[in-house]
Number of protein chains: 2
Amino acid sequence: MLRLSKLTDYAVVVMARLARDGALPHGQVQTAPGLALATGIAEPTVAKVLKILGQAGLVEGLRGARGGYRLTRPLAAVPLSEVIVAIDGPIALTACVDGGQGQCEAQGICAVRGRWDPVNDAIRRALSDITLADLAGPTRCAPATHFAQLVAE
Amino acid sequence: MLRLSKLTDYAVVVMARLARDGALPHGQVQTAPGLALATGIAEPTVAKVLKILGQAGLVEGLRGARGGYRLTRPLAAVPLSEVIVAIDGPIALTACVDGGQGQCEAQGICAVRGRWDPVNDAIRRALSDITLADLAGPTRCAPATHFAQLVAE
DNA sequence: TTCAAAGAGGACCCATACGGTCCTATTTAG
DNA sequence: CTAAATAGGACCGTATGGGTCCTCTTTGAA
């Protein structure tokens, strides 16, 4: 089954939740424990995902008390491919295209050598054309600057 | 790293080799040991791949002495997606789209529920538009009905 | 008629990768 | 000064899949 890792799935859910709760660029922040509660994902896992997303620059972490995370870009500006690369690493369907380092032992007789590139490009293109906004759908709630929105959870 | 299984990679190589050596529909057959030698892939692994491809109807196995395998369709009529499905199973990037059976524990609060379908469709479309002929490249040798072609290997 | 060569169909083992957890250090608001 | 939160690791158990092997069936040829 060609599938992406669970962590990537979690990352999409978490980022969608950040947007929904108003943790937009230069907005308020959302804590990892809070996101865990809101998404139903275990808290250490949420923390791990957010740390990785932070290293990739997709979210911004504010340390200290009253710290938390917020997006660095609106969801519509984040292609899905970028999240996958951040969590899973480069998108390359076969090992033999990862640069010249891992020399394939059968390269002398391999009939398809170098021909996977169009396939990888097609996949990357498909995943780049979809943004997290497409996955998250319309934000049902206005940015939760209203207290009523918060307690309604 | 979003990648397909090694077995799928092997399958493409083996099928490309079948075509190259003239094991076309209604043509001569090619044995698993012979293909292993020709491709550099271990013989039990080649046999395993061919058995799976046979179940999927992508190759035809002829039993008995002088038996072997041949393609059931020319490479240009085999989309890459079909090989991936045969070896890896259905193409679905996340678990939550595999029908209703594996109910996601967070389905009540999941913000992206049901929105992965366009992503999966895009991937499937990209992989369906590429045929094995694209991956194998031009067949350098004419179908090996000439004995000279065979011994030249 | 017998034998050898080849596919069909499983069962099985093991290494790797990944999910998941936890620990410690650092930062910062109150 | 303390509590709350992120940052950055280390660590472990399990599940998946790659790879091998064994047995049975089929079939051409001696």
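Throughout, protein chains are lettered first and strands after them, A, B, ... in sequence-line order, and every chain is numbered starting at 1. All of these numbers come straight from a predicted model, not from anything done at the bench.
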Quiz item: Taking only residues at least two apart or on different chains, which pairs with a member in residues 33-56 of chain A satisfy salt bridge (Lys or Arg N to Asp or Glu O under 4.0 Å)?
Solution: none
Less than 3.5 Å apart, which donor and acceptor atoms pair up between the side chains of residues 57-71 of chain A and the rest of the protein, not counting sequence neighbours?
{"residue": "A:Glu60", "atom": "OE1", "partner": "A:Arg70", "partner atom": "NE", "Å": "2.9"}
{"residue": "A:Arg70", "atom": "NH1", "partner": "A:Gly27", "partner atom": "O", "Å": "2.6"}

Quiz item: Taking CG from A:Asp9 and C1' from C:dG20, how many angstroms apart are they, rounded to a whole number?
Solution: 15 Å
Quiz item: Atom CZ of B:Arg3 to atom P of C:dC18: distance rounded to whole Å?
Solution: 9 Å
Practice problem: Kindly indicate whether the side chain of B:Ile87, heavy atoms from C-beta on, has any atom under 4.5 Å from the side chain of B:Tyr10. | Solution: no
Quiz item: To the nearest Å, how far apart are A:Leu53 CG and D:dA7 P?
Solution: 11 Å
Quiz item: When the C1' atoms of the five terminal pairs at each end define the local axes, what inter-axis angle does the helix from C:dT1-D:dA30 to C:dG30-D:dC1 show, to 10 degrees?
Solution: 10°
Quiz item: Would one find a side-chain N or O of B:Tyr10 under 4.0 angstrom from OP1 or OP2 of D:dG19?
Solution: yes
Exercise. Compare the minimum distances between each of C:dC22, D:dT20, D:dG19 and the side chain of A:Pro44, then state the nucleotide with the smallest one.
Key: C:dC22
Quiz item: Which one, D:dT20, C:dG20, C:dT21, comes nearest to the side chain of A:Ala42?
Solution: C:dT21
Quiz item: A:Ser5 and A:Asp88: which non-hydrogen atoms are nearest, and at how many Å?
Solution: OG-OD1, 2.5 Å
Quiz prompt | For atom CD1 of A:Ile52 and atom C1' of D:dG9, their distance in whole Å | solution = 12 Å
Quiz item: Which whole-number value in Å describes the distance from A:Asp88 CG to C:dC18 P?
Solution: 7 Å
Exercise. Check whether any side-chain heavy atom of A:Leu7 sits under 4.5 Å from a side-chain heavy atom of A:Thr45, and report yes or no.
Key: yes
Practice problem: May I have the distance from B:Lys6 (atom NZ) to D:dT16 (atom P), rounded to whole angstrom? | Solution: 19 Å
Exercise. Check for a donor-acceptor pair, side chain of A:Asp134 on one end and backbone N or O of A:Thr131 on the other, with a separation under 3.5 Å.
Key: yes
Exercise. Could you list the residues that satisfy salt bridge (Lys or Arg N to Asp or Glu O under 4.0 Å) with A:Asp121, not counting sequence neighbours?
Key: A:Arg124
Quiz item: CG of A:Leu2 versus P of D:dT16: gap in Å, rounded?
Solution: 16 Å
Quiz item: Using a cut-off of 4.0 Å between protein heavy atoms and nucleotide atoms, how would you tag nucleotides 2-14 of chain C 5' to 3' with B, S and -?
Solution: ---BSBBBB----
Quiz item: What residues, two or more places apart in sequence or in another chain, satisfy side-chain hydrogen bond (donor to acceptor under 3.5 Å, both in side chains) together with A:Thr31?
Solution: none
Quiz item: Are side-chain heavy atoms of A:Leu50 and A:Leu35 found at a separation under 4.5 Å?
Solution: yes
